[in-house]
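Okay, so here's the structure we're looking at.
Just so you know, residue 1 is the first one in the sequence shown, and it goes up from there.
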Amino acid sequence: MPKLSAALQGTVNQKLNSIGPSGIRAFDQKITGTPGLVKLTLGEPGFNTPEHVKEAGIRSIRENDSHYSAQKGTPALRNAISGFLKKRHGLDYDPKTEIVATIGATEALAASLSAMLNPGDKVIIPTPAFALYVPLVVISGGIPVEVDTSQDNFVLTAKKLTETLDREGDAVKALILTYPNNPTGVEYSEKELQDLADVIANRPMFVIADEIYSELTYGVTHHSIASMIPEQTILINGLSKSHAMTGYRVGYIAAPADFIKNAAKMHAFLVTAPSNPAQAAAAEALANGLDDPKEMCVQYKKSRDYVIGCLDKLGFETVPPKGAFYIFAKIPERYTQNSVDFATNLALKGKVGVIPGSAFGPGGEGYIRISYAASVEDLHAAMTNMAAFVNADATIA
């Protein structure tokens, strides 16, 4: 087994070396293997990929669709993405020049940030936020500016954005806005987005709109900020959540052609192109599976309401999510541990796996994130276990 030469120790990308692993994945790995644990940790849809989508991928393999695709993605997939964005949100993107198919939304984010940032450029990240945003900004040479939204019901207000821009100056090159939000499930209203768009329109900056959960909303309509300021918006989306295709790894970037030119170049340097069977499946999902997420939303809403009802009885404050499949629950004040210690005890003693809120940046401490995308059986078992944990703790106290 080879051992790295002593002369090469420390010969690494120092930016990467300074960044720890994802707090979500690190905690999930830490508690995995706990006997009897019911995991509500990862954002993994509890549904199978729709049959017609799977068949499209299988057909691609049987037809020997095994050669390199166009680097921006197959024409069929880019046409399907363009059609989907037009039907769903009234957005017009040229499939030839304004769309790139990527290896999931994560690569779409990485390629976009790498194509955009120069050393010292700042990126505003409203927190709590998906744990990969900060590392991706840092690796791309940028400076993350985290803005705590916990005092504003986890919404970035136009006032707070203006204050941040005035303070940080012209070095701000982008705002990353994710909605529905991970970890809070908060969705932005049309007015809230328009207020932000009005601020951004007066600044030389981008908004990176991560809308990966746009198909999973409850009782509200998803609006894309791209419909308000298309000339400044980098739209990120994918199939992982909407069609339970996390393992297929298909996402995309939609943006003005001048930006796509460099983003596509960075994408090509990173991965060359997505796999053909995955692209065939994704094209089928977007072209003929617009209704597929509806069944999931019905069940997710039932699961959301069930878990919130249980948490309320146990003394956890929650903001009912209007999208995605997470609940960001405030740990009752009688617990003095930080979120990592609380979540660790809950896993080891209560046999329920959740993610500590501190993994999501400023404003997350004192909370836990619960994924209700799990099976109904697992949710019932988890809530039973959590009730036993909380009640036993109350008895001891």
Side-chain angles (χ1 to χ4, degrees), residues 22-28 31 38-47 105-106 125-133 149-150 153-156 176-188 210-220 222 236-238 240-242 244 246 293 296-312 314 316-331 339-340 342-343 346-347 352-376 378-380 382-383 386:
S22 161
I24 299 171
R25 289 286 182 170
F27 190 81
D28 178 71
I31 62 174
V38 183
K39 290 175 63 173
L40 307 179
T41 50
L42 301 183
E44 183 76 37
F47 291 88
T106 301
I125 303 172
T127 61
F130 182 45
L132 290 188
Y133 294 148
T149 65
S150 60
N153 295 316
F154 300 114
V155 169
L156 177 68
I176 297 179
L177 194 66
T178 175
Y179 57 102
N181 180 270
N182 173 10
T184 65
V186 166
E187 173 69 303
Y188 282 71
D210 182 352
E211 301 184 28
I212 190 67
Y213 294 99
S214 62
E215 292 294 283
L216 304 179
T217 59
Y218 317 107
V220 296
H222 177 83
I236 307 293
N237 210 325
S240 291
K241 314 301 183 180
S242 63
T246 51
M296 300 182 197
C297 283
V298 170
Q299 182 55 56
Y300 286 149
K301 184 178 183 300
K302 291 179 181 178
S303 295
R304 179 199 68 172
D305 294 345
Y306 167 72
V307 174
I308 286 177
C310 293
L311 292 174
D312 286 347
L314 296 175
F316 289 81
E317 294 180 25
T318 60
V319 177
K322 294 182 180 178
F325 39 58
Y326 308 107
I327 293 170
F328 210 50
K330 189 173 184 179
I331 301 168
S339 60
V340 171
F342 178 84
L346 180 59
V352 180
V354 299
I355 299 295
S358 59
F360 303 98
E365 184 53 71
Y367 290 80
I368 54 174
R369 189 194 76 174
I370 298 171
S371 171
Y372 55 88
S375 69
V376 173
D378 279 352
L379 289 176
H380 280 280
M383 291 301 101
M386 183 173 281

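Pairing each heavy atom of Leu216 with each of Pro180, the nearest pair is O-CG, 4.1 Å. Val38 and Asp378 make their closest contact through CG1-O, 3.3 Å (heavy atoms, listed as atom of the first residue, atom of the second, distance). Scanning both residues, Val220 and Thr217, for their nearest heavy atoms gives O-OG1, 3.2 Å. Shown here for Gly43 and Phe325, the closest heavy-atom pair between the two residues is CA-CE1, 3.6 Å. Of all non-hydrogen atoms in Tyr179 and Glu211, the two that sit nearest each other are OH-OE2, 2.9 Å. Here the closest heavy-atom approach between residue Phe47 and residue Gln299 is recorded as CZ-CB, 3.7 Å.
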(request) Give the intermediate values and the outcome of side chain to side chain donor-acceptor pair (under 3.5 Å) for residues Glu44 and Thr246. (result) CA-CA 7 Å; Glu44 183 76 37; Thr246 51; 2.7 Å; yes

(request) Please step through ring-ring contact (aromatic ring centres under 6.0 Å, His included) for the pair Tyr326 and Tyr213, ending with a clear verdict. (result) CA-CA 11 Å; Tyr326 308 107; Tyr213 294 99; 5.7 Å; yes

(message) Walk me through whether Asn153 and Val319 qualify under side-chain contact (heavy atoms from CB on, under 4.5 Å).
(response) CA-CA 8 Å; Asn153 295 316; Val319 177; 5.6 Å; no

(request) Given side-chain contact (heavy atoms from CB on, under 4.5 Å), test Phe316 with Ile327 step by step and report yes or no. (result) CA-CA 11 Å; Phe316 289 81; Ile327 293 170; over 6 Å; no

(request) Determine, step by step, whether Ile370 and Leu311 satisfy the side-chain contact (heavy atoms from CB on, under 4.5 Å) criterion, reporting the C-alpha distance in whole Å, the side-chain angles of both residues, the deciding distance to 0.1 Å, and the verdict. (result) CA-CA 11 Å; Ile370 298 171; Leu311 292 174; 3.8 Å; yes

(message) Between Thr318 and Arg304, does the side-chain contact (heavy atoms from CB on, under 4.5 Å) criterion hold? Intermediate values first, please.
(response) CA-CA 11 Å; Thr318 60; Arg304 179 199 68 172; over 6 Å; no

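Judged by distance alone, with hydrogens and angles left aside, the side-chain atoms of Lys302 form no donor-acceptor pair with the main-chain N or O of Val376 at under 3.5 Å. Side-chain N or O atoms of Ser358 include none that pairs as donor or acceptor with a backbone N or O of Gly364 at under 3.5 Å. Side-chain atoms of Arg369 come within 3.5 Å of backbone atoms of Thr41 as a donor-acceptor pair (strictly under, hydrogens ignored). For Glu365 (side chain) and Ser339 (main-chain N/O), a donor-acceptor pair under 3.5 Å exists by modelled atom type.
Between the OH atom of Tyr188 and the CG atom of Leu156 there is a distance of 5.0 Å, given to the nearest 0.5 Å. For the atom pair CD1 (Ile368) and CG (Leu346), the distance works out to 6.0 Å, reported to the nearest 0.5 Å. Between atom CG of residue Leu177 and atom CD1 of residue Ile125 there is a gap of 11.5 Å, rounded to the nearest 0.5 Å. To the nearest 0.5 Å, atoms NZ (Lys322) and CD (Glu187) are separated by 9.0 Å. To the nearest 0.5 Å, the span separating CG on Asp210 from CG on Leu132 amounts to 10.5 Å. Atom NZ in Lys241 sits 14.5 Å away from atom CD in Glu215 (nearest 0.5 Å).
When side chains are defined from C-beta on, Ile355 does not count as touching Ser371, because their heavy atoms never get closer than 4.5 Å. Proximity of Pro356 to Phe27: side-chain heavy atoms (C-beta onward) are separated by under 4.5 Å at one or more points. Between Asn181 and Pro183, the closest side-chain pair of non-hydrogen atoms falls below 4.5 Å. Between Pro128 and Thr149 there is a side-chain heavy-atom pair separated by less than 4.5 Å. Considering only heavy atoms from C-beta on, Leu40 comes within 4.5 Å of Leu379 through its side chain.
Using a 30° and 60° split on the angle between ring planes, Tyr372 and Tyr218 fall in the tilted class, from 30° to 60°. Between Phe154 and Phe328, the two ring planes are perpendicular [angle over 60°; tilted spans 30° to 60°].
Within 6.0 Å of the NZ atom in Lys39, the count of heavy atoms belonging to other residues, nucleotides or ligands exceeds 12.
Ring centroid separation for the pair Tyr306 and His380 comes in under the 6.0 Å cut-off.
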